[in-house]
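All heavy atoms count here, side chains included; hydrogens, waters and symmetry mates do not. It should be emphasised that the depicted structure is a prediction, and the values quoted were computed from it without experimental measurement. Numbers here simply count residues along the sequence, with the first being 1.
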Amino acid sequence: MDQPMRMKDNGQISIVLNTQKRNPALLREHEPSLPKAVQKIEHAALKEIEEELGSLVGMEEMKKTIKEIYAWIYINKKREEAGLKAKKQALHMMFKGNPGTGKTTVARLIGKLFLKMNVLSKGHLIEAERADLVGEYIGHTAQKTRDLVKKAMGGILFIDEAYSLGRGGEKDFGKEAIDTLVKHMEDKQHEFILILAGYSREMDYFLSLNPGLHSRFPLVIDFPDYKIDQLMDIADRMVKEREYSLSHEAEKKLREHLIWIKSVLSPNSFSNGRYIRNIIEKSIRAQAMRLLIQNSYDRHDLMTLRSNDLVFEDG
């Protein structure tokens, strides 16, 4: 994707993270670079976040998007210093995608970046879901939602599966939570950032529930599912981080399983990176039991996960 940000008629910027492999030479050719001296001093925050994103799988387009958001904020500050009009940007965001595609991780990195840029005073992340906002009686929901917003002041309020707030219809207390969020997004729009996350189709429906919602999210980011090679890369990084390795047969078995499981599960049912993490953690425990029974503890055995150690969630 050559243009990760598309301006819609309503002024909303839509971003799609393309996880397909890109030619690094072409990226360097078309992506303008900042002077090195300036990069080291003024743009250290951006470089630090880019390095963290670079350690993640499938975040090539997100790195470009982060740089564009950074430039947007930075240049606005320079305009202000020059006496030009520089309206403060509302930076509330919507993350659309399936589980395990990196939404929470990216939210944390954005908090760190905005803290370093003095956009946020604390940069912390408050994670919430429907049960944290919706109360049991009239007025209870508004109070719970206000309390969460208060905790998020100076940082980010990240609400996962946000579409669940609109599932109960007009009489459901979820609507009260939505209305309270909309009010605080307007009244305190520069004191905290709200990020709503969830499945793409459900989030589109959620936006239609309150006429004030759609226009309040200038940044909409799509997180696509990981491809098989990327999932294998994630698995490789996870085992190396724990000082393990997959045997050749284990790698082959894992790849074949991922090809099969992605063909039988609906996209919404597959948890991407989270699925891989669960497999690795269960397989490490299975390997420990095998070695205990075999009474075999040499270095190679302690580090190697074999094909019969792999434990898949489908049983």
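Hydrophobic clustering (ILVMFWY, side-chain heavy atoms < 4.5 Å, transitive): L305 and M303 are in distinct clusters. Residues L291 and V239 are members of separate hydrophobic clusters, defined by side-chain heavy-atom contacts under 4.5 angstrom among Ile, Leu, Val, Met, Phe, Trp and Tyr. Linking ILVMFWY residues whenever their side-chain heavy atoms come closer than 4.5 Å, directly or via other members, places I276 and M232 in the same cluster. Residues Y244 and L302 are members of separate hydrophobic clusters, defined by side-chain heavy-atom contacts under 4.5 angstrom among Ile, Leu, Val, Met, Phe, Trp and Tyr. Residues L310 and I293 are members of separate hydrophobic clusters, defined by side-chain heavy-atom contacts under 4.5 angstrom among Ile, Leu, Val, Met, Phe, Trp and Tyr.
Proximity of a side-chain donor or acceptor of K112 to a complementary backbone N or O of E48 within less than 3.5 Å is not detected. With hydrogens and angles ignored, the 3.5 Å screen pairs a side-chain donor or acceptor of D309 with a backbone N or O of R306. In this structure, the side chain of K103 engages the main chain of N98 through a donor-acceptor pair within 3.5 Å. Remark: side-chain polar atoms of N272 are not paired, donor with acceptor, to backbone N or O of T101 under 3.5 angstrom. A donor-acceptor pair under 3.5 Å links the side-chain atoms of R237 to the main chain of S55, judged by distance alone. For the pair S283 (side chain) and V311 (backbone), a donor-acceptor distance under 3.5 Å is present. Between the T141 side chain and the V134 main chain, no donor and acceptor come within less than 3.5 Å of each other. Side chain of H124 to backbone of K151: a donor-acceptor contact under 3.5 angstrom is found. Remark: side-chain polar atoms of Q287 are paired, donor with acceptor, to backbone N or O of T304 under 3.5 angstrom.
Pairs passing the ring-ring contact (aromatic ring centres under 6.0 Å, His included) check and including a residue from residues 81-122, sequence neighbours excluded, read H92-F192, F95-F223.
To the nearest 0.5 Å, the span separating NZ on K116 from CG on L46 amounts to 11.5 Å. Note that the CH2 atom of W260 and the CG atom of L258 stand 11.0 Å from one another [nearest 0.5 Å]. Note that CZ of R242 and CD1 of I280 are 7.5 Å apart. Values are rounded to the nearest 0.5 Å. Atom NZ of K67 sits about 9.5 Å away from atom NZ of K64, to the nearest 0.5 Å. Atom CD of Q189 sits about 12.0 Å away from atom CG of L194, to the nearest 0.5 Å. We find the CZ-CG distance between R108 and L113 to be 16.0 Å, quoted to the nearest 0.5 Å.
The minimum heavy-atom distance linking D222 with P224 is given by the pair O-CD, 3.4 Å. Minimum interatomic distance between K262 and I228 (heavy atoms only, all atoms of both residues): CD-CD1, 3.7 Å. Of all heavy-atom pairs between Y163 and G198, the closest is CE2-CA, 3.7 Å. Smallest separation of non-hydrogen atoms from S307 and A250: N-CB, 3.7 Å. Here the closest non-hydrogen pair linking I159 and A162 is O-CB, 3.8 Å. Between L133 and A128, the shortest heavy-atom contact is CD1-CB, 4.1 Å.
Residues E129 and E161 are not in side-chain contact: their nearest non-hydrogen atoms beyond the backbone lie 4.5 Å or more apart. Using a 4.5 Å heavy-atom threshold, the side chains of L181 and V149 count as touching. A 4.5 Å side-chain heavy-atom check between K150 and H184 finds every atom pair outside the cut-off. Using a 4.5 Å cut-off on side-chain heavy atoms (C-beta onward), K253 and F312 make contact. Residues T145 and D179 fail the side-chain proximity criterion, which asks for heavy atoms closer than 4.5 Å. The shortest side-chain heavy-atom distance between Y275 and I234 does not fall under the 4.5 Å cut-off. Residues I195 and F217 have side chains not in contact (no heavy-atom distance under 4.5 Å, counting atoms from C-beta outward). Within the 4.5 Å cutoff, the side chain of S164 has no heavy atoms near those of the F206 side chain.
Using a 3.5 Å distance cut-off with no hydrogens or angles, the side chains of N76 and Y74 do not pair a donor with an acceptor.
Enclosure of atom NZ in K282 by more than 12 non-hydrogen atoms of other residues, nucleotides or ligands within 6.0 angstrom is indicated. The environment of R201 atom CZ is sparse: at most 12 non-hydrogen atoms of other residues, nucleotides or ligands sit within 6.0 angstrom. More than 12 heavy atoms of other residues, nucleotides or ligands sit less than 6.0 Å from atom CD of Q294.
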- Query: Should I110 and F158 be marked as a side chain to side chain contact (heavy atoms under 4.5 Å, CB included) after you check the CA-CA gap, both sets of side-chain angles, and the distance that decides it?
  - Reply: CA-CA 11 Å; I110 288 172; F158 181 88; over 6 Å; no
- From CA spacing to verdict: salt bridge (Lys or Arg N to Asp or Glu O under 4.0 Å), E243, R299: CA-CA 11 Å; E243 292 193 331; R299 183 179 177 84; 6.0 Å; no
- Can you list the steps and then say if I49 with L53 is a side chain to side chain contact (heavy atoms under 4.5 Å, CB included)? CA-CA 6 Å; I49 299 304; L53 282 169; 4.2 Å; yes
- Task: Under the side chain to side chain contact (heavy atoms under 4.5 Å, CB included) rule, what do D236 and L246 come out as? Steps first, then yes or no, please.
- Result: CA-CA 8 Å; D236 184 58; L246 291 169; 6.0 Å; no
- Could you walk me through whether I221 and V106 pass the side chain to side chain contact (heavy atoms under 4.5 Å, CB included) check? CA-CA 11 Å; I221 303 177; V106 169; 5.7 Å; no
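A search for side chain to side chain donor-acceptor pair (under 3.5 Å) contacts involving D204 returns K96, not counting sequence neighbours.
Contact check on K77 versus E80 returns no salt bridge, with no Lys/Arg side-chain nitrogen under 4.0 Å from an Asp/Glu carboxylate oxygen. Salt-bridge check for E176 with K144: failed, with every basic side-chain N at 4.0 Å or more from each acidic carboxylate O.
Between H43 and Y70, the ring planes lie perpendicular to each other; the angle is over 60°, past the 30° to 60° tilted range.
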